[in-house]
Amino acid sequence: MLSGVDRKRIPSLQKVLQILLFFTFFSRGFTSGLDFESSEIFKIGAVLSVGDNTAYFNQVVENISHERILPKGYTLNATTVPTNPNPIRTAQKVCAVLINATVYAVIISHPSSGELSPAAVSYTCGFYNIPVIGISSRDSSLSDKNLHASFLRTVPPYSHQADVWIELLKYLHYKCVVFIHSSDNNGRYTLGRFQNLADKAKIKLDDVIEYEPGFTDIIQQLEKTKEYYCRVFILYADARDAESIFREVKQLKMTSPGYVWIVSEQALMAANRPDGILALTLLNASDAAGHIWDSVKIIGLGLRDLIRNENITKAPDSCDSSDRAWETGKQFVKYLKAQSLLYGRTGRVAFDEKGDRLNSEYDIVNIVDGQTVKVGQYTFSKAQMKMNLKLNINSIKWPGGHTTKPQGYVVPTRLQVVTLVEKPFVWARPVDSKEDCKKDEILCPRANSSLTPSYCCRGYCIDLLQKLGYDLNFTYNLYQVEDGQYGNLEYVNDSNKKYWTGMMGDLVYEKADMAVAPLTINPERSQVIEFTKPFKYQGITILEKKQPKSSTLASFLQPFEQTLWILVMISVHVVALALYLLDRFSPFGRYKLPNSDVTEEDALNMSSAIWFAWGVLLNSGIGEGTPRSFSARVLGMVWAGFAMIVVASYTANLAAFLVLDRPETSLTGINDARLRNPLENFTYATVKGSAVDMYFRRQVELSNMYRTMEGKNYDSAEAAIDAVKSGELNAFIWDSSRLEYEAVQSCDLVTAREQFGRSGYGIGLQKNSFWADQVTLALLQMHESGYMEKLDNKWILSGDGKCENRNEKFPATLGLKNMAGVFILVGAGIVGGIGLIIIEIIYKNHQIRKQHRRKVARYAADKWRGTVEKRKTLRETMHAQERYNANGMEDITRNVEVVGYSDDPSPHGRIASISSYVDSLPPPPPPRVMPPMDAHSMLPTLVDSGTDSDFHNMLAQVRIQGSRVAYPQRGDTMVMSSGTTSYDISV
C-alpha cells in the first residue's frame with residue numbers, strides 16, 4: 001500500500017513511464033505494415049495473473065469461437081502473458097509476445113501489487129490503437145481518453161460510487177452533505193463527478209474537505225463543519241486514510257445520534273470503522289472468471305460487426321512498425337463501446353463514451369456491532385431497463401444505535417436576516433440605543449458599521465418577519481445591507497471575476513441566512529439563491545410629476561368620448577327615421593284616418609320626425625308633428641328615456657370635470673414614443689443593479705431604453721423619487737407598489753395607468769436552504785388567513801398623506817362601454833315598434849273583415865224581416881178567404897185588401913190591401929169536409945216579376961181543409977189562377 005506522498009508522485013511517474021516507453025519501442029527504424037489479406041484467425045491477447053485465469057481464458061476463447069458469433073470461416077485464438085509488477089517489463093512482454101503475434105485486442109487484469117502495470121499495457125497498445133479491456137482495474141485516471149484512448153473495462157471506476165451516493169441521498173431525502181476525500185486522483189475524480197450530479201439533484205454541498213496525511217488539520221476542518229446545519233457526511237478514502245479520519249471523528253463525538261455517515265468501498269476496509277455507517281460493496285468485483293467471459297464475448301461481438309461493416313486492415317505485428325496508427329483499431333474501439341450484454345456473467349454489460357462500465361450493481365451495507373449487514377441493493381432492472389435502489393430503512397442501525405432515520409441537519413434557532421430601507425416596506429429611524437425602539441420596531445444596525453447612531457426598523461416587511469419568527473419558532477439578528485443595494489453581478493475592485501453585491505451577495509456568500517425585503521424574483525437571482533413563493537405580486541410602472549391641466553374650447557366635450565358623441569348623433573336620426581316609417585305605414589297613423597279633415601301636411605313627415613327626436617333629446621317643447629300610431633308612440637317613450645339618461649350623465653360628468661382637478665400624465669406607458677425614441681430634454685431612469693434594471697437588460701425589444709438609462713440610473717429609489725419631485729428627472733421606472741404609495745403621499749406625483757413586467761416579491765434564502773419549504777408554507781397560510789391583506793391595508797393602501805384615496809374622485813370620460821345599455825334600450829325600442837306595427841296591421845285587417853261580415857249579416861236580416869212580414873200578411877189573407885168560403889154569405893159587404901205582388905213589373909210593386917167589412921156574422925155552419933183541391937182550385941198566386949229572386953223562389957202550397965189552413969212541406973209548389981192574375985203563396 002502506498003503512502004500519501006507516494007500517491008502524489010504517481011502522476012509524475014506516469015509521465016516518466018510514457019517517455020521511457022516511447023524511446024524504448026520507437027527509437028529504431030520503422031518498416032511499412034502489410035495489409036490484411038483475408039486472414040481467418042483473430043488473435044486475442046491477455047495479461048493475466050499466473051494460475052487458473054490463463055487456462056480459463058484459453059477455454060473461453062475456444063468456446064466463444066464455437067458459438068458461431070463470427071461469420072463462417074472466422075475463428076478466435078488466444079495468446080497470453082503473465083502479469084508483472086514492473087510496468088516496463090510488462091510493456092516489453094506485451095510488445096514481444098502479444099503485438100508480435102498480431103493480436104486484435106488485449107484483456108488485462110490488475111496485478112496483486114504494482115499500480116502502473118495496467119496503465120503501461122494501455123499506453124503500449126493505445127499507441128497502435130489496439131483495444132484493451134480491463135477486468136479489474138478501477139483507477140479513475142484510466143478514464144482519461146487523452147492518455148488511454150483505446151482502454152475499456154468491465155468494472156466501474158471508483159468515482160462511479162458517486163452515482164449510488166446521489167441516489168441514496170435522494171431516497172433518504174437529504175438535501176445537504178459535507179464531502180471528505182483523499183488527496184489523490186481517485187478522490188478528485190470522485191468529487192468532480194459527485195458535484196455535477198449533486199447540482200442536478202439540487203443537493204447542497206456545504207463543505208469539501210481534502211485530506212492529505214501530514215498536511216491537513218482534519219480536527220480543525222471537522223470542528224468547522226459543526227457550524228453548519230448539515231449532519232450528513234460522505235467519505236471517500238482508502239483504508240489507511242479512513243482509519244485516521246475515523247479516529248478524529250470518534251474523538252469529536254461526530255458519530256453520535258443525529259449524524260449520518262456514508263463511506264466508500266475502500267473506507268469500509270478500515271479497522272476502526274464506527275457502527276451505524278452506510279457503505280457500498282461492488283457486486284461481482286472479484287469474479288475474474290465472469291469478467292473474462294464477458295470481455296471475450298464483447299470482443300467477439302465487436303469483431304462480428306467490424307467484419308460486416310468495415311474493410312479490415314492487418315493489426316500491427318511488431319513494435320518496430322513505422323505505421324503507428326492502425327486505423328481499423330480506432331473503428332474497432334467504437335464497435336466495442338457500442339456492444340452490450342443484457343445477460344452477462346457479471347450482470348448487464350455496457351459502456352459509456354469513455355469506455356467505463358455502466359449499470360454496475362452494488363450492495364448497500366450497514367455496520368452493526370462491527371459486522372457488515374446488507375440493508376439494500378442498487379441493481380439493474382431488466383423489466384424497466386434502468387437502475388433501481390432498494391433500501392430497507394427499518395433495518396438500518398444509525399450512529400448512536402438509533403433505528404429512526406436522522407433528519408440530516410440541525411435546525412438553527414438563530415438566523416442572520418438582512419434587509420434594506422425601502423418605503424413602505426422598511427423604514428429606518430436613527431436611535432442612540434436599542435431601548436429607544438418602539439414596540440413595533442426592531443433594531444437594525446448597518447453591517448460592518450460601529451458608528452452611532454443605530455437604527456430601528458418598522459414597516460411591511462418587519463411585521464412579516466415578526467410573524468414568521470413567531471409561527472416557525474426562530475429568532476434572528478436583523479441588519480441593513482452594507483452598500484444599501486439589492487445586489488447585482490458585477491466586477492468588484494477591478495477584478496476579472498464578477499461577484500454579487502448587496503443583499504444578493506450576503507446570501508450567496510452565506511453571510512446572511514435570510515433576506516426580508518421587497519426583493520423581486522427573477523431568473524438571474526433564482527440561479528444562485530432560493531426564493532419562497534411571492535408574498536406580494538406587483539408590476540413595473542412609471543412615476544412622473546403631474547402635468548398642469550389645460551383647458552380648450554372643446555372642454556365641454558370632455559364628459560363623453562368621441563365615439564359616444566358620434567353614436568348619439570347617429571341615434572337621433574335613426575330614431576327619427578324609425579318614427580316616420582312606423583307612423584307612415586301604421587293603419588292608425590294620420591295618413592289612414594277615414595272621414596278626417598287632417599291633411600297629409602298635418603301628418604308626421606320626415607322633417608317632423610327629426611324635429612321630434614331632437615326636441616326630446618334637448619328637452620325642448622314640441623307642439624306639432626307628434627306620432628299618432630301606438631308603435632311610434634312606444635318608440636317615442638323609449639327615446640325619451642334614452643334622452644333622460646344621456647342628458648343626466650352628461651350633466652353630472654361635466655360638473656365633475658369643471659369642479660374636480662384630474663391629474664394628467666403625459667406618458668401612456670412603456671410603449672410611449674418618448675420612451676422608445678428618447679429626446680434630449682426628456683430623461684428617465686431606474687435603480688442600477690435592481691430587478692428592473694435586469695428586466696430591461698434581458699428584454700431585447702427594450703435594449704434601446706436600457707442603453708439610454710444605463711448611464712443615468714440612480715443608486716437608490718429614494719434619490720430617484722427626489723429627482724422627479726425636483727424636476728431633474730422626468731420619469732422614474734420602478735416597482736408599482738412603491739410608486740403608487742409615493743403618488744398617494746405626494747399630490748404632485750402621478751403614475752402611468754399601464755403596468756408591465758409583472759412579478760412578485762419573495763423572501764430570499766441560501767441555495768438549498770432548509771427554511772425554503774417551511775417559509776413558503778407559512779406564507780401560503782398567511783395569504784389564506786387574510787394576514788397579507790391586513791399588511792397591505794396597513795402599510796400600502798392607507799396612510800396619512802393628504803392625497804389619500806384621490807383616485808376615487810377622478811372624473812372619467814364616459815365611453816361606449818359605460819353607455820352601451822341605453823343604446824341597447826333604443827335598439828329594443830325600434831325592434832318593439834316594428835313588432836307593434838305588425839300587430840296593428842294584423843288587428844286592422846281583422847277589424848275590416850269583421851265589419852264586412854256585420855254588413856252582410858245586417859243585409860240578410862233585413863231580407864229575412866221582410867219575408868216574415870209577407871208571410872204574416874199572407875196568413876191573414878188566407879184566413880179571411882177561408883171564413884168567407886165557409887160561411888157562404890154573399891150579403892156581407894166586404895172590402896178585402898190582399899197583400900201580395902201586383903202585376904206591376906217594377907222591382908217595387910205596390911202591395912194591395914184587401915179589407916173586409918162584415919155587417920153581421922151568421923152562426924158558424926156545421927163542419928164539412930172539403931174535397932182535395934187541385935192546382936187550379938188554389939188561391940190566386942201572387943206574382944210580381946219585379947221581386948228579387950230570393951223571395952220569388954220561396955214557393956209554398958196552401959190547402960184549405962174545413963176552416964183550417966194547412967201548409968205543405970217546403971219545396972212543394974201549387975199554382976192557382978184567378979182571372980187574369982196568378983198568385984204565388986210562399987211560406
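The residues of the chain are indexed from 1 along the displayed sequence. Quick caveat: nothing in here was measured; it's all calculated off a predicted structure.
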CD-CG distance between Q266 and L235, expressed to the nearest 0.5 angstrom:
9.5 Å

Qualifying residue for side chain to side chain contact (heavy atoms under 4.5 Å, CB included) with I396, from V375, V373, T404:
V375

Look at the side chain of S65 and the backbone N and O of L76, then say whether any donor-acceptor pair between them is shorter than 3.5 Å.
yes

Regarding S137 and D139, is there a side-chain donor-to-acceptor distance under 3.5 Å anywhere?
no

CG on L222 to CG on D217, rounded to 0.5 Å:
9.0 Å

Using a 4.5 Å cut-off on heavy atoms from C-beta on, say whether the side chain of W771 contacts that of D513.
no

Between V106 and C125, the two heavy atoms sitting closest are CG2-SG, 3.9 Å

Are any of the side-chain heavy atoms of Q161 and E265 separated by less than 4.5 Å?
yes

Could K204 and E510 be called an ion pair, given the rule that one side-chain N must be under 4.0 Å from one carboxylate O?
yes

Would you say the side-chain atoms of K145 pair up with the backbone N or O of F151, donor to acceptor, closer than 3.5 Å?
yes

Between E210 and R188, does any side-chain N to carboxylate O distance fall below 4.0 Å?
yes

For N388 and S381 the tightest heavy-atom approach is ND2-CB, 3.3 Å

Using every non-hydrogen atom in the two residues, find where A239 and A270 come nearest and quote the distance to one decimal.
O-CB, 3.8 Å

State the NZ-CG distance between K334 and L306, to the nearest 0.5 angstrom.
12.0 Å

Looking only at atom types and distance, does a side-chain atom of K337 sit under 3.5 Å from a main-chain N or O of D356, one as donor and one as acceptor?
no

Y123 and H148 aromatic ring geometry - parallel, tilted or perpendicular at 30°/60° bounds
parallel

Checking R89 against N84: is there a side-chain donor and acceptor pair closer than 3.5 Å?
no

Any side-chain donor near an acceptor of the partner, T346 and D294, under 3.5 Å
yes

Can you check whether L280 reaches I364 side chain to side chain, under 4.5 Å on heavy atoms?
yes

Derivation and outcome, side-chain contact (heavy atoms from CB on, under 4.5 Å), residues R153 and F351
CA-CA 8 Å; R153 49 184 160 187; F351 304 96; 5.9 Å; no

CG of L268 to CZ of R273: how many Å apart, nearest 0.5 Å?
5.0 Å

Determine whether the side chains of N185 and S141 contain a donor N or O and an acceptor N or O closer than 3.5 Å.
no

Do F380 and M387 touch side chain to side chain, with heavy atoms closer than 4.5 Å?
yes

Expected output: side-chain K405 to main-chain L172 donor-acceptor under 3.5 Å
yes

Which of parallel (below 30°), tilted (30 to 60°) and perpendicular (above 60°) describes Y362 and Y378?
tilted

Mind checking whether D305 and Q339 have side chains closer than 4.5 Å, heavy atoms only?
yes

Can you tell whether the side chains of E243 and R240 come within less than 4.0 Å, N to carboxylate O?
no

Verdict with reasoning, I277 to T255, per side-chain contact (heavy atoms from CB on, under 4.5 Å)
CA-CA 9 Å; I277 66 173; T255 57; 5.8 Å; no

Count the heavy atoms of every other residue, nucleotide or ligand shown that sit under 6.0 Å from CG of D773, and state whether that count exceeds 12.
no

First locate atom CE of M514, then atom OG1 of T532, and finally report the distance between them rounded to the nearest 0.5 Å.
8.5 Å

Expected output: side-chain S295 to main-chain H291 donor-acceptor under 3.5 Å
yes

Verdict with supporting geometry, L70 and F42, side-chain contact (heavy atoms from CB on, under 4.5 Å)
CA-CA 10 Å; L70 298 179; F42 291 102; 4.3 Å; yes

What's the shortest heavy-atom distance between E248 and I218, and which atoms?
CG-CG2, 3.5 Å

Given N186, I262, I180, the one that forms side chain to side chain contact (heavy atoms under 4.5 Å, CB included) with Y236
N186

Kindly say whether the aromatic ring centers of F194 and F179 come within a distance under 6.0 Å.
yes

Which atoms form the tightest heavy-atom contact between W398 and P406, and what is the distance?
CD2-CD, 3.5 Å

How about S150 and N129: does a side-chain donor come under 3.5 Å of a side-chain acceptor?
no

Indicate yes or no: at least one non-hydrogen side-chain atom of T225 is less than 4.5 angstrom from one of D206.
no

Looking at CD of Q766 and OH of Y509, how far apart are the two atoms once the value is rounded to the nearest 0.5 Å?
13.0 Å

Any chance you could lay out the side-chain contact (heavy atoms from CB on, under 4.5 Å) test for R357 and V349, step after step, and finish with the verdict?
CA-CA 7 Å; R357 169 79 176 265; V349 181; 3.8 Å; yes

Considering all heavy atoms, the nearest L342-K382 contact:
O-CE, 3.4 Å

Validation row: E530, L507 side chains within 4.5 angstrom (heavy atoms):
no

Quick one: does N53's side chain get under 4.5 Å of F57's, heavy atoms only?
no

